[in-house]
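Presented below is the structure to which this report refers.
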Amino acid sequence: MSTGFNEKFFIDTFFVALSGVPITLLVTIVALIIAVPLSFILALTRIHKTPIIQRITQVYVSFVRGTPILIQIFIIYSSIPLILKIIFEKYDIHMDLYKINPIWYAFIIFSFSTTALLIEVFRSALSTVDKGQLEAAHSVGLTTFQAYHRIIIPQALIVAMPNITSTIVNLIKATSLGYALSLSEITLKAKVAANVGYNYIEAYLDIFIVYLILCSIVEYLLKRYERYLNKYKVAHS
């Protein structure tokens, strides 16, 4: 057992934790690729008050916002194998559920959570754009898709960027809970290294520093993009 701060372990484990960054980024990127278009469509159903879907979306958003993500992880992680077992038995599919890579569960869980958060981000941003602009676009012959692509989305994106940045940074931090899925990301790699000599203080500090660096870089890049959009807004105002 460790009796003091182990500088060598601290330095060595920093690079061990750093090796988990690609998995963290992969989960984050895949979750965003799934969540962004899906959440935008569901946000439109809320704005246009689409029957049934609007109510289902409200319940979904309330569930995600009202429960800890760790609980969502446990519920989904436990439910998916049961659902897959029923499907496999029905269609006579021979596949060992216990051999599924946990990263697939991570994709589903973090997409599920991020979609709900982005629905509210897009809904609030789209609500700031004057509805008359859609009618004006139709009057000059643009389709609804063209109106959203050329006029409405660029304006809404400027408003949404601060909240999108917060959501992405929070998603990166939330992936630290991937250790509950045995996902080989930053936290799990550092904790496994710490188990041998009980150097948990050093390991947690390494995790803290790696996430701080990673989130700071992502936030800096997104802030720069936000400033770029603001210049675009001024130039066209």
Practice task
Specify whether Tyr228 and Tyr225 have parallel, tilted or perpendicular ring planes, treating 30° as the upper limit for parallel and 60° as the lower limit for perpendicular.
Solution key: parallel

Handout entry: Beyond-backbone contact of Ile100 with Ile80, side-chain heavy atoms, under 4.5 angstrom
Key = no

Exercise for the section: Enter the distance from Leu126:CG to His48:NE2 here, rounded to the nearest 0.5 Å. Expected result: 8.0 Å

Handout entry: Heavy-atom side-chain proximity of Thr24 to Tyr211 below 4.5 angstrom
Key = yes

Problem - Leu177-Val218 co-clustered via ILVMFWY side chain contacts under 4.5 Å - result: yes

Handout entry: Sub-4.5 Å side-chain heavy-atom contact between Thr115 and Tyr60
Key = yes

Problem - Within 6.0 angstrom of Ile52 CD1, more than 12 heavy atoms from elsewhere - result: no

Handout entry: Check: Ile152 main-chain N/O paired with Gln133 side-chain donor or acceptor under 3.5 Å
Key = no

Exercise for the section: With rounding to the nearest 0.5 Å, note down the distance linking CD1 in Ile103 to CD1 in Ile108. Expected result: 11.5 Å

Problem - Closest approach of Val30 to Ser111 (non-hydrogen atoms, all atoms of both residues) - result: O-OG, 4.2 Å

Exercise for the section: Find the distance between CG (Leu188) and OG (Ser176) and round it off to the nearest 0.5 Å. Expected result: 11.5 Å

Handout entry: In one Ile/Leu/Val/Met/Phe/Trp/Tyr side-chain cluster, 4.5 Å: Ile86, Leu84
Key = no

Practice task
Report yes if some heavy atom in the side chain of Glu185 is under 4.5 Å from a heavy atom in the side chain of Val27; otherwise report no.
Solution key: no

Practice task
Check whether any side-chain heavy atom of Glu202 lies under 4.5 Å from a side-chain heavy atom of Thr13, and answer yes or no.
Solution key: no

Fill in the blank from the handout: Between Lys189 and Ser19, the two heavy atoms sitting closest are CD-OG, 3.2 Å

Practice task
Please examine the side chains of Phe110 and Ile69, heavy atoms only from C-beta on, and report whether any two atoms are closer than 4.5 Å.
Solution key: yes

Practice task
Classify the ring geometry between His149 and Phe145 as parallel (under 30°), tilted (30 to 60°) or perpendicular (over 60°).
Solution key: parallel

Exercise for the section: Ignoring hydrogens and angles, tell me if any N or O in the side chain of Thr143 forms a donor-acceptor pair with the backbone of Gln146 under 3.5 Å. Expected result: yes

Practice task
Indicate whether the side chain of Gln54 and that of Thr45 have a donor and an acceptor atom separated by less than 3.5 Å.
Solution key: no

Exercise for the section: Indicate the atoms forming the closest heavy-atom contact of Ala190 with Ile207, along with that distance. Expected result: CB-CG1, 3.6 Å

Problem - Cation-aromatic face contact Lys191/Tyr179, 6.0 Å, 45 degrees - result: yes

Problem - Hydrophobic cluster identity match, Tyr198 and Tyr204, side-chain contacts under 4.5 Å - result: yes

Exercise for the section: Without swapping roles, check the side chain of Gln155 against the backbone of Ile151 for a donor-acceptor pair under 3.5 Å. Expected result: yes

Handout entry: Close side-chain approach of Ile209 to Phe10, heavy-atom, < 4.5 Å
Key = yes

Problem - Side-chain heavy-atom pair Phe122, Ile164 within 4.5 angstrom cut-off - result: yes

Fill in the blank from the handout: d(Tyr105 OH, Asn101 CG) to nearest 0.5 Å is 10.0 Å

Fill in the blank from the handout: Closest non-hydrogen contact found for Pro162 with Ile158 is CD-O, 3.9 Å

